[in-house]
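We're numbering straight along the sequence, starting at 1.
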Amino acid sequence: QVQLVESGGGLVQAGASLRLSCAASGPTFSAYAMGWFRQAPGKEREFVGTTNWSGGTTYMADSVKGRFTMSRDNAKNTVYLQMNSLKPEDTAVYYCAAVQSLRVAVRPVEYAYWGQGTQVTVSS
């Protein structure tokens with residue numbers, strides 16, 4: 001069982017940066033692939049990025065590629081989402097997710113554990 005807690009969201013202006021963190025409980029964090037998703041009001045949950053158990057493989061959605069990066073620190077049981085050059089269309093609740101797998105995963109249905117989400121609002 002893994003519990004995930006996101007933090008770092010907030011209200012920023014367009015062009016600013018934010019770093020989201022997702023702290024995981026449990027001693028086997030390195031056995032999990034991690035993902036970031038987001039959901040805006042009235043829209044489906046959207047894939048943002050994923051990283052494998054070691055952080056050696058990371059895959060980002062085209063909509064954020066070049067602006068967002070994902071990393072993990074297995075010693076701290078934490079995964080990060082660095083968001084630069086934020087745009088109003090990045091406004092959403094951001095969720096981290098975990099699945100016990102050696103491979104990355106891009107679909108929400110592939111993930112077994114979810115955090116409660118953190119709000120990111122980007123003003124124009």
Side-chain angles (χ1 to χ4, degrees):
Q1 190 80 10
V2 175
Q3 292 185 327
L4 305 172
V5 179
E6 302 97 333
S7 61
L11 170 62
V12 297
Q13 291 189 330
S17 297
L18 278 175
R19 188 176 80 157
L20 304 184
S21 299
C22 173
S25 65
T28 59
F29 178 67
S30 61
Y32 290 80
M34 301 296 296
W36 283 101
F37 293 81
R38 65 187 182 185
Q39 189 165 19
K43 295 189 176 182
E44 292 187 352
R45 193 162 295 191
E46 175 190 17
F47 168 75
V48 175
T50 180
T51 185
N52 73 336
W53 67 276
S54 68
T57 299
T58 301
Y59 177 66
M60 308 302 292
D62 287 344
S63 59
V64 304
K65 201 171 293 183
R67 299 188 299 123
F68 292 12
T69 57
M70 189 173 175
S71 61
R72 67 189 293 164
D73 185 338
N74 286 346
K76 296 182 178 180
N77 280 18
T78 302
V79 64
Y80 304 99
L81 182 66
Q82 178 66 44
M83 305 186 294
N84 299 328
S85 302
L86 281 161
K87 304 176 181 180
E89 50 264 43
D90 295 318
T91 295
V93 177
Y94 283 71
Y95 299 90
C96 72
V99 59
Q100 192 166 3
S101 173
L102 297 178
R103 301 170 60 185
V104 297
V106 301
R107 298 181 301 158
V109 295
E110 297 180 271
Y111 287 88
Y113 305 101
W114 292 84
Q116 82 290 346
T118 185
Q119 176 71 47
V120 172
T121 304
V122 184
S123 63
S124 58

Is there a path of hydrophobic side-chain contacts, each under 4.5 Å between heavy atoms of I, L, V, M, F, W or Y residues, that connects Tyr80 with Val64?
no
Begin with the C-alpha distance, continue with both residues' side-chain angles, and end with the deciding distance and a verdict on side-chain contact (heavy atoms from CB on, under 4.5 Å) for Phe68 and Leu86.
CA-CA 9 Å; Phe68 292 12; Leu86 281 161; 3.8 Å; yes
Distance from Arg45 atom CZ to Arg38 atom CZ, nearest 0.5 Å?
13.0 Å
Applying a strict under-4.5 Å side-chain criterion to I, L, V, M, F, W and Y, I'd like to know whether Phe47 and Met34 cluster together.
no
Calculate, to the nearest 0.5 Å, the distance between atoms OH and CG belonging to Tyr32 and Asn74 respectively.
12.5 Å
Does Lys65 pair with Asp62 as a salt bridge, N-O distance under 4.0 Å?
yes
Run Val120 and Met83 through side-chain contact (heavy atoms from CB on, under 4.5 Å) and show every step you take.
CA-CA 10 Å; Val120 172; Met83 305 186 294; 3.9 Å; yes
Could you tell me whether a side-chain N or O of Asp90 sits under 3.5 Å from a main-chain N or O of Ala14, the two making a donor and an acceptor?
no
Closest non-hydrogen atom pair between Thr58 and Gly55, with its separation:
OG1-O, 3.8 Å
Interatomic spacing from CD in Glu6 to SG in Cys22 - rounded to 0.5 Å:
5.0 Å
Among the clusters formed by ILVMFWY side chains lying less than 4.5 Å apart, do Val2 and Val104 turn up in the same one?
no
Does the Arg72 side chain pair with the main chain of Trp53, one donor and one acceptor, at a distance under 3.5 Å?
yes
Asp73 versus Phe29, closest heavy-atom pair with distance:
O-CE2, 4.1 Å
Leu102 CG to Ser30 OG distance, which is reported to the nearest 0.5 Å
10.0 Å
Side chains of Gln119 and Thr91 in contact at under 4.5 Å (non-hydrogen atoms)
yes
Does some side-chain heavy atom of Val99 sit less than 4.5 Å from a side-chain heavy atom of Glu110?
no
Would you give the length of the straight line joining atom SG of Cys96 to atom CD of Gln116, rounded to the nearest 0.5 angstrom?
8.0 Å
Side-chain donor or acceptor of Arg67 paired with backbone N/O of Ser85 under 3.5 Å
yes
CG on Asn84 to CG on Leu18, rounded to 0.5 Å
9.5 Å
Heavy-atom distance under 4.5 Å between the side chains of Ser63 and Glu46, does that happen here?
yes
side-chain contact (heavy atoms from CB on, under 4.5 Å) for Met60 and Leu81? Distances and angles first, verdict last.
CA-CA 10 Å; Met60 308 302 292; Leu81 182 66; 3.9 Å; yes
Could you check whether Thr50 and Tyr111, counting side-chain N and O atoms only, form a donor-acceptor pair closer than 3.5 Å?
yes
When you look at Val79 and Met70, which way does the side-chain contact (heavy atoms from CB on, under 4.5 Å) test go after all the steps?
CA-CA 7 Å; Val79 64; Met70 189 173 175; 3.7 Å; yes
Picking from Tyr94, Tyr95, Trp114, what satisfies ring-ring contact (aromatic ring centres under 6.0 Å, His included) with Phe37?
Trp114
Find out if a path of hydrophobic residues (ILVMFWY) with successive side-chain heavy-atom gaps under 4.5 Å connects Tyr113 to Leu20.
yes
Look at the side chain of Thr51 and the backbone N and O of Thr57, then say whether any donor-acceptor pair between them is shorter than 3.5 Å.
yes
